[in-house]
Amino acid sequence: MTGGPVGQIERKLASIIGQDLPVLKKIKKYVIQSGGKRIRPLTHYYTLRMLGSDHKEWVDAGAIGELIHNASLLHDDVVDESDLRRGKPSAPVLFGNKTVVLAGDYLLACGLHHLSTLEHSRELLVIFSRTIRLLSEGELIQMEWEGNLKIPPKAYERIIYCKTGCLFGAMTESAAVLAGADSARAQYRAFGERLGRYFQVRDDYLDYFTPAKETGKKEMQDFERGLVTWPVMRLLETKKGADKILRDIWKDRKKNLKKMLGLLEERRIQESSRAYLKSELDSMLGFILKHPPSSFRDKMHSTLKTLEL
Ligand code: FPP
Ligand code: MG
């Protein structure tokens with residue numbers, strides 16, 4: 001384990017997750033040694049410090065957000081039947097679906113129980129329980145539209161808000177709660193939600209345009225599963241018969257991977273998505289720089305910069 005905030009988060013995770021059963025010991029080890037970047041707790045920590053607070057329970061709130069995230073990934077790899085996570089065998093491959101679903105519930109319960117012991121437990125419970133509800137809602141809407149090219153842009157936006165935006169929003173809003181910055185809660189939540197949206201759109205982009213060895217996930221998995229993600233939404237907007245061409249490609253996705261990449265290339269979806277992501281990131285970096293200079297502001301800035309494509 002490393003030092004600094006990441007080391008503190010990992011030690012806190014280890015203390016929050018109980019391990020009464022041998023199987024939970026294995027799951028705990030899997031979660032702690034997962035190779036995750038702990039970007040959610042770091043977002044919480046740097047936001048809190050940029051708000052001028054050093055409330056010691058940052059590590060608790062940060063670790064709870066990370067636990068919720070990890071529980072959702074455990075469930076997600078079962079739902080997606082995904083056998084790779086961060087370049088390694090996923091939890092369902094290692095432990096089986098049934099164990100993974102129950103272990104995900106267990107992690108959530110550990111996180112919520114720990115939350116009940118914190119100074120701001122009431123406000124934090126409202127924020128984090130809403131997030132858990134929305135994470136589940138997002139997966140259900142996604143499932144409803146799986147394989148369907150008629151998904152309205154609003155439904156796509158709702159999915160990415162629920163899947164990723166709301167948890168980032170919870171991390172920044174909870175930082176404002178700990179900092180006692182009540183009037184800034186909405187503003188910081190909006191910033192976190194925007195960051196989460198960026199994250200998800202970037203993830204959608206990487207699925208199509210980045211080799212598996214860099215993402216640690218199977219290439220074009222979203223496409224093969226028939227998930228209508230950012231590149232497909234943008235493709236549909238280009239008109240010129242995109243919907244008809246796509247419908248033909250969609251019929252046999254496994255066979256049509258190359259055709260799909262050709263169509264994306266012809267409509268310059270990679271370039272336009274990159275430009276969009278760059279403008280979003282620049283705008284968020286601008287928000288960070290509006291804070292008074294500090295080493296935390298610089299850290300937040302450089303952490304966001306690592307998300308540049
Ligand atoms: C990853 O999306 C999935 C999520 C961010 C949310 C998953 C949520 C659930 C399974 C609902 C249950 C929630 C809880 C809190 C237990 P992705 O499949 O697009 O990304 P990936 O490529 O990383 O798998
Ligand atoms: Mg998945």
Side-chain angles (χ1 to χ4, degrees), residues 17 27 31 34-37 39-40 43 63-93 97-113 115 125 127-147 151 155-171 192-193 195-212 214-233 307:
I17 306 173
I27 298 277
V31 168
S34 64
K37 294 179 292 298
I39 197 97
R40 289 159 186 80
T43 298
I64 288 162
E66 184 66 14
L67 264 184
I68 294 173
H69 171 57
N70 278 280
S72 80
L73 292 185
L74 290 180
H75 285 186
D76 183 64
D77 284 338
V78 173
V79 175
D80 287 358
E81 298 175 16
S82 185
D83 40 18
L84 265 189
R85 170 70 59 194
R86 299 174 181 126
K88 296 186 208 149
S90 68
V93 168
N97 282 349
K98 291 182 186 175
T99 301
V100 169
V101 169
L102 296 173
D105 294 342
Y106 182 83
L107 291 188
L108 275 185
C110 290
L112 289 178
H113 179 258
L115 193 154
L125 186 62
I127 294 173
F128 284 110
S129 60
R130 173 178 178 270
T131 302
I132 295 170
R133 177 168 67 81
L134 292 180
L135 277 164
S136 310
E137 182 185 319
E139 283 292 301
L140 289 166
I141 311 175
Q142 178 169 291
M143 212 149 74
E144 191 183 322
W145 286 101
E146 193 167 320
I151 179 173
Y156 168 75
E157 284 293 333
R158 180 72 182 163
I159 291 169
I160 65 173
Y161 173 72
C162 290
K163 268 174 60 171
T164 316
C166 72
L167 182 50
F168 275 89
M171 301 317 287
E193 289 174 349
L195 176 57
R197 181 173 178 278
Y198 175 87
F199 229 81
Q200 189 57 51
V201 172
R202 182 177 176 273
D203 197 61
D204 288 359
Y205 170 99
L206 294 176
D207 185 68
Y208 280 86
F209 302 120
T210 306
E214 283 174 42
T215 60
K217 298 178 199 167
K218 198 164 161 257
E219 242 157 273
M220 289 182 80
Q221 198 185 13
D222 293 343
F223 172 68
E224 274 197 32
R225 276 188 56 209
L227 292 184
V228 182
T229 61
W230 178 268
V232 181
M233 294 306 290
L307 301 177

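Atoms within each ligand, like the ligands themselves, are counted from 1 in listed order.
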Run the side-chain contact (heavy atoms from CB on, under 4.5 Å) check on Asp76 and Arg85 step by step: do they pass?
CA-CA 11 Å; Asp76 183 64; Arg85 170 70 59 194; 3.4 Å; yes
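- Although no hydrogens or angles enter the test, the distance criterion places no donor-acceptor pair under 3.5 Å between the side chain of Arg40 and the main chain of His69.
- In terms of modelled atom types and a separation under 3.5 Å, the side chain of Asn70 and the main chain of Glu66 share a donor-acceptor contact.
- In this structure, Asp203 and Lys163 have side chains that are not in contact, with every pair of non-hydrogen atoms separated by 4.5 Å or more.
- Looking only at protein heavy atoms, the nearest one to atom 1 (C) of ligand 1 is Asp76 OD2, 3.4 Å.
- Lys217 NZ, 3.1 Å is the protein heavy atom nearest to atom 22 (O) of ligand 1.
- Among Gln221, Lys163, Met143, the residue whose heavy atom lies nearest to atom 5 (C) of ligand 1 is Lys163.
- Within Asp76, OD2 is the N, O or S atom that lies nearest to the Mg ion (ligand 2).
- Here is the list of ligand 1 atoms found below 4.0 Å of a heavy atom in Asp203: 20 (O), 22 (O).
- Minimum-distance N/O/S atom of Asp80 relative to the Mg ion (ligand 2): OD2.
- Of the possible donor and acceptor atoms, one in the side chain of Asp207 sits under 3.5 Å from a partner among the backbone N and O of Gln221.
- Ligand 1 lies out of reach of Val79, whose nearest heavy atom is not under 4.0 Å from it.
- At least one N or O atom of Arg85 sits closer than 3.5 Å to an N or O atom of ligand 1.
- Only the side chain of Leu108 comes within 4.0 Å of ligand 1, counting heavy atoms alone; its backbone N, CA, C and O stay farther away.
- Contact check for Arg158 versus Glu137: side-chain heavy atoms found under the 4.5 Å cut-off.
- The shortest N or O to N or O distance between Asp80 and ligand 1 is under 3.5 Å.
- For the pair Leu67 and Leu108, the minimum side-chain heavy-atom distance is 4.5 Å or more.
- At a threshold of 2.8 Å, the Mg ion (ligand 2) has no backbone or side-chain N, O or S atom of Asp77 nearer than that distance.
- For atom 16 (C) of ligand 1, the nearest protein heavy atom (residue, atom name, distance) is His75 ND1, 3.3 Å.
- Among the atoms of Ser72, none of the N or O lies under 3.5 angstrom from an N or O of ligand 1.
- Within the 4.5 Å cutoff, side-chain heavy atoms of Phe168 are placed close to those of Ile39.
- Summary of contacts: the protein heavy atom closest to atom 15 (C) of ligand 1 is Leu135 CD1, 3.7 Å.
- Side-chain contact check for Leu112 versus Ile132: some heavy-atom pair is nearer than 4.5 Å.
- A heavy-atom distance below 4.5 Å is found between the side chains of Tyr156 and Asp204.
- For ligand 1, none of its N or O atoms has an N or O atom of Thr164 under 3.5 Å away.
- Protein heavy atom in closest approach to atom 9 (C) of ligand 1: Glu139 CG, 3.1 Å.
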